[in-house]
Number of protein chains: 2
Amino acid sequence: MDADGIHGQLDTLILATLQRGEAHGYAIIAALKESSGEQLDLPSGTVYPALRRLERAGFVAGKWTQASGRRRRVYAITEAGSAALAKGRADWLALREVMTAVLGT
Amino acid sequence: MDADGIHGQLDTLILATLQRGEAHGYAIIAALKESSGEQLDLPSGTVYPALRRLERAGFVAGKWTQASGRRRRVYAITEAGSAALAKGRADWLALREVMTAVLGT
DNA sequence: CTTGATATGTAGCTCGCCTACATATAGGCT
DNA sequence: AGCCTATATGTAGGCGAGCTACATATCAAG
């Protein structure tokens, strides 16, 4: 699945990934690909701006690190981010209920 | 749930409702409220423009009718609309799989 | 004779996400 | 030495969905 199929769930997906442990952007993309069973393959142009939005919102905290010459910006989820994830998860479950009821699936 | 929780599934919800039979805008809003177990309450400013978009796209066909003095625009799903609904349903199921896998729910 | 339900629609706006591009280092292959 | 791929981060410009608020009209009930 490419990025236009996630329909507003991008932040929730990223926060859910970060709750398993801090990670940098490239690793988040790889983790989402892996945890989705190779179904999700998000472009960097989608994920990096999202991380900056989340950082501005106070949901993640970023810090620069160095790994074998390559600079990395490693993000960790904050308390506010955990709360946002909880809300995102609840919103998702509500949507799932409605879609299930209407589609009859 | 208000309209900002449906995240790109509006067209699919409307098409799914119309596949049970033709209906006018106001009835579609009521039907979605009913079939979702009173969870969905969409504002007219969301549904009516969506119906016009769907009509422009050829997914629904509208015709004016009269019922006890009130004019109604009754919409019926087209063949192209059925195909779009099938795709919308498939896209939704794919998203649901990914979300379930990543959220672990 | 006013209020609420029925019924449709527009104007203006915000924001999420996409596409395409730009940049840089490390490691392996030839 | 030179090239390609993987790793890694980011910007510019743009589109379109759906929201908020508003405007309009008829019918039924109190």
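What you see is a predicted model, and the numbers here were worked out from it, not measured in a lab.
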K.L.:
What integer distance in Å separates A/Asp41:CG from C/dC17:P?
P.N.:
17 Å
K.L.:
For B/Arg56 and D/dA17, what is the distance between atoms CZ and C1' respectively, to the nearest whole Å?
P.N.:
12 Å
K.L.:
Identify the heavy atoms of B/Val102 and A/Ala16 that sit nearest to each other, and give their distance.
P.N.:
CG1-CB, 4.2 Å
K.L.:
Could you tell me the separation between the NE2 atom of A/His7 and the NE2 atom of B/His7, rounded to the nearest 0.5 Å?
P.N.:
11.0 Å
K.L.:
Determine the minimum heavy-atom distance between A/Gly81 and A/Leu15, stating which atoms define it.
P.N.:
O-CD1, 3.9 Å
K.L.:
Taking CD from A/Gln9 and P from D/dA17, how many angstroms apart are they, rounded to a whole number?
P.N.:
18 Å
K.L.:
So does A/Leu103 get a backbone contact from the side chain of B/Arg89, meaning a donor-acceptor N/O pair under 3.5 Å?
P.N.:
yes
K.L.:
Nearest whole angstrom, please: distance from the C1' of D/dG16 to the CZ of B/Arg53.
P.N.:
8 Å
K.L.:
At 4.0 Å (heavy atoms only), tell me whether A/Ile6 reaches a base, stays on the sugar-phosphate, or touches nothing.
P.N.:
nothing
K.L.:
Rounded to the nearest Å, what distance is computed from the CG atom of residue B/Leu10 to the P atom of nucleotide D/dG16?
P.N.:
17 Å
K.L.:
Measure from CG on B/Leu51 to C1' on D/dG18 and round the result to the nearest Å.
P.N.:
13 Å
K.L.:
Where along nucleotides 1-12 of chain C does protein come under 4.0 Å, by heavy atom, of base (B) or sugar-phosphate alone (S), with - for untouched nucleotides?
P.N.:
-----BBBBB--
K.L.:
Can you check whether A/Ser36's main-chain N or O pairs, donor with acceptor, with A/Gln39's side chain at less than 3.5 Å?
P.N.:
yes
K.L.:
What side-chain donor-acceptor pairs closer than 3.5 Å can you find for residues 46-63 of chain A, not counting sequence neighbours?
P.N.:
{"unit_1": "A/Tyr48", "atom_1": "OH", "unit_2": "A/Tyr26", "atom_2": "N", "d": "3.4"}
{"unit_1": "A/Glu55", "atom_1": "OE2", "unit_2": "A/Gly62", "atom_2": "N", "d": "3.2"}
{"unit_1": "A/Glu55", "atom_1": "OE2", "unit_2": "A/Arg73", "atom_2": "NH2", "d": "2.8"}
{"unit_1": "A/Lys63", "atom_1": "NZ", "unit_2": "A/Glu22", "atom_2": "OE1", "d": "3.3"}

